[in-house]
Q: 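Here it is, the structure in full.
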Amino acid sequence: MKKLIYLLTISSGLIIIACESRTYEEISDNIPVILPVKYTSDIKPIMDNSCNGCHSAGSFKPLVTYDQVKNNIEGILDRIQRPNGDPLKMPKGGSFSATQINTFIKWKADGLTEN
């Protein structure tokens, strides 16, 4: 009987651990970006891959050029840092990694350098 209780206790613990519901971003290390961040080499590739499908040149809110992204950095930072489930979170249907978000934050802190 003691063995059965012991096995049930261990099994319950393993099930609870296996059912962890946090996302990768929530459990991964949030490592700050140390090197200087520049638009052309660091920000533009993220924008091209994740944002320009909706924010293209002819869209309501284009974010294609350096000036467009630089002039909208506050809104971009607000939207990409919103919690999952917030209807205003960007990018739609996804989420940036902590490293990508830190890259945008560091770019702003570095003075929004283009090249």
Side-chain angles (χ1 to χ4, degrees):
M1 185 68 175
K2 286 184 179 182
K3 286 184 179 183
L4 180 60
I5 293 172
Y6 178 78
L7 288 174
L8 286 173
T9 304
I10 296 296
S11 298
S12 297
L14 291 174
I15 289 170
I16 290 170
I17 292 170
C19 292
E20 181 69 41
S21 64
R22 294 184 299 165
T23 64
Y24 172 77
E25 283 77 20
E26 292 170 330
I27 60 174
S28 65
D29 291 333
N30 191 353
I31 300 169
V33 177
I34 298 170
L35 298 175
V37 176
K38 298 182 181 190
Y39 174 78
T40 304
S41 59
D42 303 303
I43 299 298
K44 186 173 183 346
I46 298 171
M47 297 298 294
D48 288 347
N49 290 330
S50 302
C51 306
N52 293 146
C54 296
H55 294 281
S56 62
S59 70
F60 164 73
K61 179 72 104 176
L63 296 171
V64 179
T65 68
Y66 164 74
D67 286 328
Q68 291 168 338
V69 176
K70 178 182 80 166
N71 293 336
N72 288 286
I73 190 60
E74 293 299 328
I76 292 168
L77 287 172
D78 172 55
R79 295 293 187 96
I80 65 175
Q81 294 182 88
R82 288 178 178 256
N84 290 333
D86 186 318
L88 298 177
K89 182 173 181 62
M90 293 290 161
K92 289 283 185 193
S95 184
F96 283 145
S97 69
T99 300
Q100 288 172 313
I101 292 170
N102 287 340
T103 300
F104 279 89
I105 292 169
K106 180 78 164 60
W107 181 53
K108 182 182 177 205
D110 287 348
L112 305 168
T113 306
E114 184 173 8
N115 294 317

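Every heavy atom of this structure was used, including side-chain atoms; hydrogens, water molecules and symmetry mates were not.
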Q: Is there a path from Ile46 to Ile80 through hydrophobic residues (I, L, V, M, F, W, Y) whose side chains come within less than 4.5 Å of each other?
A: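 Yes; tracing contacts between hydrophobic side chains, which count when under 4.5 Å, links both residues.
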Q: In the structure I gave you, are the side-chain heavy atoms of Asn102 and Lys106 within less than 4.5 Å of one another anywhere?
A: no
Q: Do Ser95 and Lys89 come close enough that some side-chain heavy atom pair is under 4.5 Å?
A: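 SC-SC contact between Ser95 and Lys89 confirmed.
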Q: Do Asp110 side-chain atoms and Leu112 backbone N/O form a donor-acceptor pair below 3.5 Å?
A: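 Flag not set: sc Asp110 to bb Leu112 has no pair under 3.5 Å.
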Q: Using atom types as modelled and distance alone, determine if a side-chain donor or acceptor of Ser59 lies under 3.5 Å from a backbone N or O of Ser56.
A: yes
Q: Do the side chain of Gln68 and the main chain of Val64 share a donor and acceptor less than 3.5 angstrom apart?
A: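 Pair found, side chain donor or acceptor close to backbone of Val64.
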Q: Contact between Thr103 and Phe96 at the side-chain level, heavy atoms closer than 4.5 Å - yes or no?
A: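 Side-chain contact under 4.5 Å: no.
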Q: Are Tyr66 and Val37 in one and the same hydrophobic cluster, where Ile, Leu, Val, Met, Phe, Trp and Tyr link if side-chain heavy atoms are under 4.5 Å apart?
A: yes
Q: Look at Lys44 together with Asp48 and state whether they make a salt bridge at an N to O cut-off of under 4.0 Å.
A: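 Counted as a salt bridge, because a side-chain N and a carboxylate O are separated by less than 4.0 Å.
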Q: Please check: side-chain N/O of Gln100 versus main-chain N/O of Ser97, any donor-acceptor pairing under 3.5 Å?
A: yes
Q: Just wondering, do Thr65 and Val69 contact through their side chains at under 4.5 Å, heavy atoms?
A: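 No, every pair of side-chain atoms sits at 4.5 Å or beyond.
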Q: Rounded to the nearest 0.5 Å, what's the gap from CD1 on Ile105 to CD on Gln81? Could you check?
A: 4.0 Å
Q: Determine the minimum heavy-atom distance between Ser50 and Pro91, stating which atoms define it.
A: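 Distance-wise, the nearest heavy atoms are O-CB, 3.7 Å.
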Q: Who passes side-chain contact (heavy atoms from CB on, under 4.5 Å) against Ile34, sequence neighbours left out?
A: none
Q: Identify whether Ile76 and Ile43 are in the same connected component of the hydrophobic contact network (ILVMFWY, side-chain heavy atoms under 4.5 Å).
A: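 Both belong to a single hydrophobic cluster.
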Q: At their closest point, which heavy atom of Thr40 faces which heavy atom of Asn115, and how far apart are they?
A: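 Scanning both residues completely, I find the closest heavy atoms to be OG1-OD1, 2.6 Å.
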Q: Indicate the atoms forming the closest heavy-atom contact of Lys61 with His55, along with that distance.
A: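 Nearest heavy atoms, Lys61 then His55: O-ND1, 2.6 Å.
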Q: Holding to side-chain hydrogen bond (donor to acceptor under 3.5 Å, both in side chains), I want the full list of residues that pass it with Lys108, two or more places apart in sequence or in another chain.
A: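 So Lys108 forms a side-chain hydrogen bond (donor to acceptor under 3.5 Å, both in side chains) with Glu74.
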Q: With a 3.5 Å distance limit and no angle check, can you tell me whether Trp107 reaches the backbone of Thr113 through a side-chain donor-acceptor pair?
A: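 The answer is yes, because a donor-acceptor pair under 3.5 Å joins these two groups.
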